[in-house]
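I have placed the structure first, in the form of structure tokens, so that the comments after it can refer back to it.
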Amino acid sequence: MKRVINFAAGPAAIPLEVLEQARDEMLDWKGTGCSVMEVSHRGKEYEAMHLETMDLFREIAGMGKEWNVLFCTGGASTQFLMLPFNYLGPGKQADYIVTGNWSKAAVKEAKRFGAVTFPADMELPGEVFKSIPKQGELKLNPAAEYVHYTSNNTVCGTQWHYTPDAKGKSLVADMSSDIFSRPAEFGKHAMIYAGAQKNLGPSGVTVVAIKDGFLERANADVPTMMSYKVFKEKQSMHNTPPCFSIYILNLVLQWLKRNGGLEARGKINEQKQRLLYAAIDGSGGFFTGLADKDSRSWMNIDFKLPSPELDDKFVKDAKAAGIVQTKGYRTMGGIRLSCYNAVSLKDVETTVSFMEDFRKRNG
Ligand SMILES: *Cc1c(COP(=O)(O)O)cnc(C)c1O
């Protein structure tokens with residue numbers, strides 16, 4: 001067996017221990033004589049695991065009982081419409097801070113349900129984003145129902161390193177690409193959501209954590225499968241949940257917990273990004289980081305080489321060295337190394353040696 005060093009942006013690497021456990025339990029899960037995919041979601045084994053996963057999520061986040069954990073489907077992209085469906089309507093407004101491609105995608109859907117205002121829009125000509133606004137630059141709309149932002153910008157490689165102050169408004173974050181990568185101020189939010197396939201496990205489940213007070217304010221007349229209230233009341237089992245994805249999520253959360261939770265994860269991720277950016281900044285201009293230094297993401301490290309031909313050669317040589325999925329997003333070019341939780345410090349050290357060696361050979 002040969003496992004590669006996987007810098008995929010999503011779906012992304014999953015901890016090896018989790019994959020091994022899933023393999024071992026595949027044919028006979030919890031003594032049921034079948035896999036988790038083959039049992040009723042109304043059965044006691046499944047239900048126990050499902051509810052345990054919600055508790056584990058709250059425990060790792062340090063969220064109290066006022067937080068409801070929901071398991072939705074349709075990816076983070078469906079939250080782009082579910083959120084405004086539940087809170088907007090004729091005459092209503094919401095604030096969207098635009099820091100990247102996914103923020104824009106969220107705005108596109110919100111506009112179908114109400115008016116959107118922009119505390120800040122960081123887009124530069126050519127669909128380029130390089131930075132995160134400072135608190136003092138945010139022009140909040142006093143009439144907004146909520147303030148939405150994207151905590152990590154997966155495409156352009158920028159990340160919020162502080163929690164924006166929504167000045168008493170309900171703060172909502174798309175945390176798809178940095179959830180549980182380090183401690184976060186969840187308590188300052190009314191709702192957070194994340195597609196699982198970056199830091200939490202496989203695609204197919206989207207975790208939404210929403211506080212009671214915000215949930216109570218949701219619109220009543222929302223189609224069943226779009227209603228946060230229904231998801232809460234039915235414990236995310238109104239219809240068949242994505243059982244297998246939730247099961248892997250459960251294993252990933254257990255892995256996080258037994259490895260020291262968010263504090264420990266944050267320390268490792270801090271070292272990973274420091275090594276990679278040091279390799280970029282110390283390359284004498286051979287590697288150029290794409291984001292502004294104070295806004296750089298710990299999760300998605302974007303850079304380019306002196307020419308597109310060298311970018312391509314980097315991707316090819318890396319692959320030959322067992323380092324895969326390093327190509328930048330199609331609109332960005334260059335290289336993107338997505339360093340989610342399952343990418344280890346050792347993986348990054350190996351990659352940094354490869355980068356130095358590549359520079360010596362091609363610089
Ligand atoms: C990947 C990503 C999305 C889209 O997720 P889907 O689950 O594919 O809908 C949305 N927001 C952010 C920040 C992402 O990284």
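Computed from a prediction, not measured in an experiment: that's the story for all the values here. In listed order, ligands and their atoms are each counted from 1.
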Next on the checklist: Taking 4.0 Å as the limit for heavy-atom contacts, which would you say applies to Y193 with ligand 1: side chain only, backbone only, both, or neither?
Outcome noted: neither
Checklist entry - When the ring planes of Y146 and F214 are compared, do they come out parallel, tilted or perpendicular, using 30° and 60° as the limits? => result perpendicular
Next on the checklist: Using 30° and 60° as the class boundaries, would you call the ring planes of Y149 and H189 parallel, tilted or perpendicular?
Outcome noted: parallel
Checklist entry - Distance only, no hydrogens: is a donor on one side chain within 3.5 Å (strictly under) of an acceptor on the other, for D121 and Y96? => result no
Checklist entry - Does ligand 1 have an atom under 4.0 Å from some heavy atom of V155? => result no
Checklist entry - Looking at ligand 1, does any of its N/O atoms fall within less than 3.5 Å of an N/O of Q197? => result yes
Checklist entry - Is there at least one pair of N or O atoms, one from T78 and one from ligand 1, spaced under 3.5 Å apart? => result no
Checklist entry - Which atoms of ligand 1 sit under 4.0 Å from any heavy atom of N152? => result 13 (C)
Checklist entry - Who's the nearest protein heavy-atom neighbour of atom 11 (N) of ligand 1, and how far? => result D174 OD2, 2.7 Å
Item to check | Nearest non-hydrogen protein atom, atom 9 (O) of ligand 1 | outcome: S77 OG, 2.6 Å
Next on the checklist: I'd like to know if the side chain of N250 pairs up with that of E52 as donor and acceptor (distance under 3.5 Å, no hydrogens or angles considered).
Outcome noted: yes
Checklist outcome for this item: A student checking ligand 1 against T150 at a 4.0 Å heavy-atom cut-off should list atoms 13 (C)
Next on the checklist: Strictly below 4.0 Å, N to O, side chains only: are K360 and D357 in salt-bridge contact?
Outcome noted: no
Next on the checklist: Do D347 and S344 pair up side chain to side chain, a donor and an acceptor below 3.5 Å, judged on atom types alone?
Outcome noted: yes
Checklist entry - Quick one: does A76 get an N or O within less than 3.5 Å of an N or O on ligand 1? => result yes
Checklist entry - Is there a donor in the side chain of D212 and an acceptor in the side chain of N68, or the other way round, less than 3.5 Å apart? => result yes
Checklist entry - Among protein heavy atoms, which sits nearest to atom 14 (C) of ligand 1, and what does the distance come to when rounded to 0.1 Å? => result K198 NZ, 2.9 Å
Item to check | Any donor-acceptor pair under 3.5 Å from Y340 side chain to A9 backbone | outcome: yes
Item to check | Identity and distance of the protein heavy atom lying nearest atom 15 (O) of ligand 1 | outcome: T154 OG1, 2.4 Å
